[in-house]
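Here's the structure we're looking at; comments come further down.
The residues of the chain are indexed from 1 along the displayed sequence.
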Amino acid sequence: MTEIAKSGSDSGWICNQCKVPLEVQTVRLQYQRVIFALHLPACPQCGMIMIDEQLATGKMAEAEQILEDK
């Protein structure tokens with residue numbers, strides 16, 4: 001698995017494997033049969049996507065609960 005590392009505060013995030021800066025890209029995430037398009041930092045070389053803790057435990061968990069309640 002590719003690790004993502006925070007470099008200096010001015011330079012943003014870099015991919016630990018590829019050593020290149022992450023770029024905000026439109027990525028498609030799928031949960032069950034629902035596809036979400038989000039703008040997230042991703043490595044332009046290997047494609048690893050960074051999902052921060054707030055998004056994973058907040059909005060994504062909330063959306064998952066809503067979908068499961070249906």
Side-chain angles (χ1 to χ4, degrees):
M1 180 185 298
T2 305
E3 293 181 17
I4 308 295
K6 177 82 173 177
S7 66
S9 60
D10 294 333
S11 61
W13 293 93
I14 61 168
C15 177
N16 193 49
Q17 179 177 328
C18 302
K19 307 295 187 222
V20 296
L22 300 185
E23 298 175 356
V24 176
Q25 300 178 6
T26 301
V27 297
R28 297 173 63 158
L29 303 177
Q30 181 175 346
Y31 181 77
Q32 294 184 350
R33 293 186 180 151
V34 180
I35 297 173
F36 302 93
L38 298 170
H39 300 289
L40 296 172
C43 177
Q45 290 186 8
C46 70
M48 179 62 78
I49 301 166
M50 185 184 86
I51 299 175
D52 66 27
E53 182 179 4
Q54 182 180 12
L55 178 61
T57 60
K59 290 182 181 181
M60 290 178 88
E62 198 175 294
E64 176 182 355
Q65 188 62 46
I66 290 168
L67 290 171
E68 289 186 6
D69 288 345
K70 286 186 175 185

Open item on the list: Quick test of your reading: applying side chain to side chain donor-acceptor pair (under 3.5 Å), list the pairs with at least one residue in residues 44-53, sequence neighbours left out, ordered by first then second residue.
Closed with: none
Task: Any C43 side-chain heavy atom under 4.5 Å of V20 side chain - done: yes
TODO: Drop me the distance from Q25's CD to I49's CD1, to the nearest 0.5 angstrom.
DONE: 8.0 Å
Task: Within-4.5 Å side-chain heavy-atom neighbours: L40 and M50 - done: no
- [ ] Look up atom CG in L29 and atom CG in L38, then write down how far apart they are to the nearest 0.5 Å.
- [x] 5.0 Å
Task: P21 versus P44, closest heavy-atom pair with distance - done: O-CD, 3.5 Å
Task: Intermediate values then yes/no, side-chain contact (heavy atoms from CB on, under 4.5 Å), I14 and L22 - done: CA-CA 5 Å; I14 61 168; L22 300 185; 5.9 Å; no
